[in-house]
Amino acid sequence: MSQPMSQKKNQPEIIRNFIGGKWLPADGGKTFPSYNPATGEVVGHAPVSTVRDVEKAVEAAHAAFPAWRQTPAPKRGEILFKAAEILVTRKEELARLLTQEMGKVLAEARGDIQEAIDMAYYMAAEGRRSFGQTVPSELANKFMMTVRSPLGVAACITPWNFPVAIPSWKVFPALILGNTVVLKPASDTPVVAAKFVEILVEAGVPAGVLNFLTGPGGALGKTLCTHPKVALVSFTGSTDVGKGINAMCAPSLKRISMEMGGKNAILVMADADLDLAVDGIVWSAFGTSGQRCTAASRIIVERGIYPALTSKLLARTRKLRLGNGLDPKTEVGPVINRSQLQKIHEYVQIGQKEDRAKLLCGGQIEAKGPLAKGCFYQPTLFGDVRPEMRIAQEEIFGPVTALIPVRDFDEAIRVANGTRYGLSMSIFSKDVNKAFRAMRDLESGLVYVNAGTIGAEVQVPFGGMKETGNGHRDAGQSSLDTFSEWKSLFVDFSGRLQRAQID
Ligand code: UN1
């Protein structure tokens, strides 16, 4: 098989699409560069795919479906198990590339790869499970059971912030259940996504079962969403793009699974362990430079402890070290690109203009010294934010968080629920009654007690309520529901006509 990349030492990689078992340039041969957000250097060049490339990829996936769906699931599981083992062996190399292409600090890049390893082992084991049910019949000598059935071609459209973990959440359950896949990664992180595909190919995924193409999201996404041979679209990204996907898929009634924006909140009650809360806030607000769907961008604090919490948090935030994610001393890496950097800065300006919000620290693009070449934004804290302000309502996706003082627990819950999103929330409190009320009343797909808003594990469902999602979930057993249809089977062994509801 031809190789996915050509690489000379210290030169950017040239990656290719993977269609029908072959590594191919785009139709027309154009490429686009992928940059290191810490240095501005080119990490690689990826194909500018066209509608023709998408059509070829969908056709290849469609042609491979009948044989793949009939491959015994434990055999499919063996391939995923092998992929997990290759990911383990190549973890360090992939993590370094991920940091170079996406920017997150190396420890977190290792976590990104680890999440894919976890998902590979978890889904590989589903090859010997994927349980259905047997259910008693109301009639004698009649047997009923349910089995999962694959849908066909799954289009997986994935973001840059978890460029290996999120493809793994979609591709592994799709494959284990017998679907074939067209994977379209974000244009900021095509190189590391190509490595992920290379590993699955090495593990033995047959030609046509997994196809991969890079290029402009708008045109390629439209073709995937409207192609009659695509059965389902699984998307992670912004709510605005998700709404467009929803509309494009509606006429053909494609299944769509979407995980979109968040405006995640940490609630800090007066009885909380403040040092623990500060640890959770710093990790959740500034980890991955705030570029997680689960990042905490609102800190809702009972007034009694507001001054104490603010001063502890401010002291910690001021000390955070910005830098290249490959430097072990770095705590906060760059943001993904210049346009994101500008967008974050615009939000900070909006925050400053809005009545009474106080910029407590940060609020600047790092424009001096060696970091000026990259996309660095200072970790930023706003104080005295009111819940209806734009910086407390809209997703910023950067290292910016807003402290919102509230009177009591009830107001904290109301404020937390007062946005259009509902992905991840957490409460710091030693009061078990408050913890349980928060678990019940927060409108959020993920709720943490005495921990921050980030760090979900692959064996539980991941996704959100309200405009964060559309009812589906990635990861956990629920991802099996996303990537399969339930079939109910009835076997009558009575030898005569039996009528349900009538006899
Ligand atoms: C995301 O930001 O889209 O729970 C994914 C977490 C990670 C995954 C985040 N395990 O923060």
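All values derive from a computational prediction rather than experimental measurement. For this chain, numbers begin at 1 and follow the sequence in order.
- Within the structure, ring-ring contact (aromatic ring centres under 6.0 Å, His included) contacts touching residues 396-417 (residues at least two apart or in different chains) are Trp160-Phe397.
- The closest donor-acceptor contact from the side chain of Asp384 to the backbone of Pro405 lies at 3.5 Å or more, if one exists at all.
- Among residue pairs with one or both ends in residues 452-483, those qualifying as ring-ring contact (aromatic ring centres under 6.0 Å, His included) are Trp169-Phe462; sequence neighbours excluded.
- Judged purely by atom type and a 3.5 angstrom limit, Ser424 uses its side chain to pair as donor or acceptor with the backbone of Thr453.
- Scored by the ring-ring contact (aromatic ring centres under 6.0 Å, His included) test, His345 finds Tyr377 as partners (sequence neighbours excluded).
- Of the possible donor and acceptor atoms, one in the side chain of Asn470 sits under 3.5 Å from a partner among the backbone N and O of Met258.
- Inter-residue side-chain proximity for Val400 and Ser297 is flagged as unmet; no heavy-atom pair is nearer than 4.5 Å.
- Look at Arg437 and Asp410 and you find a salt bridge, because one of the NZ, NE, NH1 or NH2 atoms lies within 4.0 Å of a carboxylate O, short of that distance.
- Contact check for Gln291 versus Ile336: side-chain heavy atoms found under the 4.5 Å cut-off.
- By the side-chain contact (heavy atoms from CB on, under 4.5 Å) test, Ser478 is found to be paired with Pro461, Arg473, residues two or more places apart in sequence or in another chain being considered.
- Between Glu198 and Arg90, at least one side-chain N (NZ, or NE/NH1/NH2) sits under 4.0 Å from a carboxylate O, which counts as a salt bridge.
- Thr239 places a side-chain N or O within donor-acceptor distance of the main-chain N or O of Gly261, the cut-off being under 3.5 Å.
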Step by step, work out the salt bridge (Lys or Arg N to Asp or Glu O under 4.0 Å) result for Lys319 and Glu331.
CA-CA 10 Å; Lys319 280 200 217 119; Glu331 290 166 297; over 6 Å; no
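- The pair Glu394-Lys263 does not meet the salt-bridge criterion, since no charged nitrogen lies less than 4.0 angstrom from a carboxylate oxygen.
- No side-chain donor-acceptor contact under 3.5 Å links Thr189 to the backbone of Met102.
- Side-chain atoms of Asn179 come within 3.5 Å of backbone atoms of Ala174 as a donor-acceptor pair (strictly under, hydrogens ignored).
- Residues Ser426 and Val449 form no side-chain contact, since every pair of their non-hydrogen atoms from C-beta on lies 4.5 Å or further apart.
- Between the side chains of Asp481 and Gln477, no donor-acceptor pair of N or O atoms lies under 3.5 Å.
- A donor-acceptor pair is defined here as one N or O able to donate and one able to accept, closer than 3.5 Å; such a pair exists between the side chain of Gln393 and the backbone of Pro387.
- For the pair Tyr448 (side chain) and Ala456 (backbone), a donor-acceptor distance under 3.5 Å is present.
- Under a 3.5 Å cut-off, the side chain of Asn211 and the backbone N or O of Val182 do not form any donor-acceptor pair.
- When the salt bridge (charged side-chain N to carboxylate O under 4.0 Å, His left out) test is applied to Asp327, no partner is found at least two apart in sequence or on another chain.
- At least one donor-acceptor pair closer than 3.5 Å links the side chain of Glu411 to the backbone N or O of Arg407.
- Using modelled atom types, one finds no donor on one side chain facing an acceptor on the other under 3.5 Å when comparing Asp474 with Ser479.
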Assess the residue pair Arg390 and Glu346 against the criterion (salt bridge (Lys or Arg N to Asp or Glu O under 4.0 Å)); give the C-alpha distance rounded to whole Å, side-chain angles, the decisive distance to 0.1 Å, and a yes or no.
CA-CA 11 Å; Arg390 285 186 63 191; Glu346 274 161 34; over 6 Å; no
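- Looking at Ile344 and Thr380, their side chains never come closer than 4.5 Å, going by heavy atoms from C-beta outward.
- Ser234 and Lys170 share a donor-acceptor pair across their side chains, judged by distance under 3.5 Å alone.
- Figure legend: Arg292 and Trp283 shown as a cation-pi pair, the cationic atom lying under 6.0 angstrom from the six-membered ring centre and within 45 degrees of its axis.
- Listed by chain and residue number, Lys466 satisfy the salt bridge (charged side-chain N to carboxylate O under 4.0 Å, His left out) test with Glu443 (two or more places apart in sequence, or in another chain).
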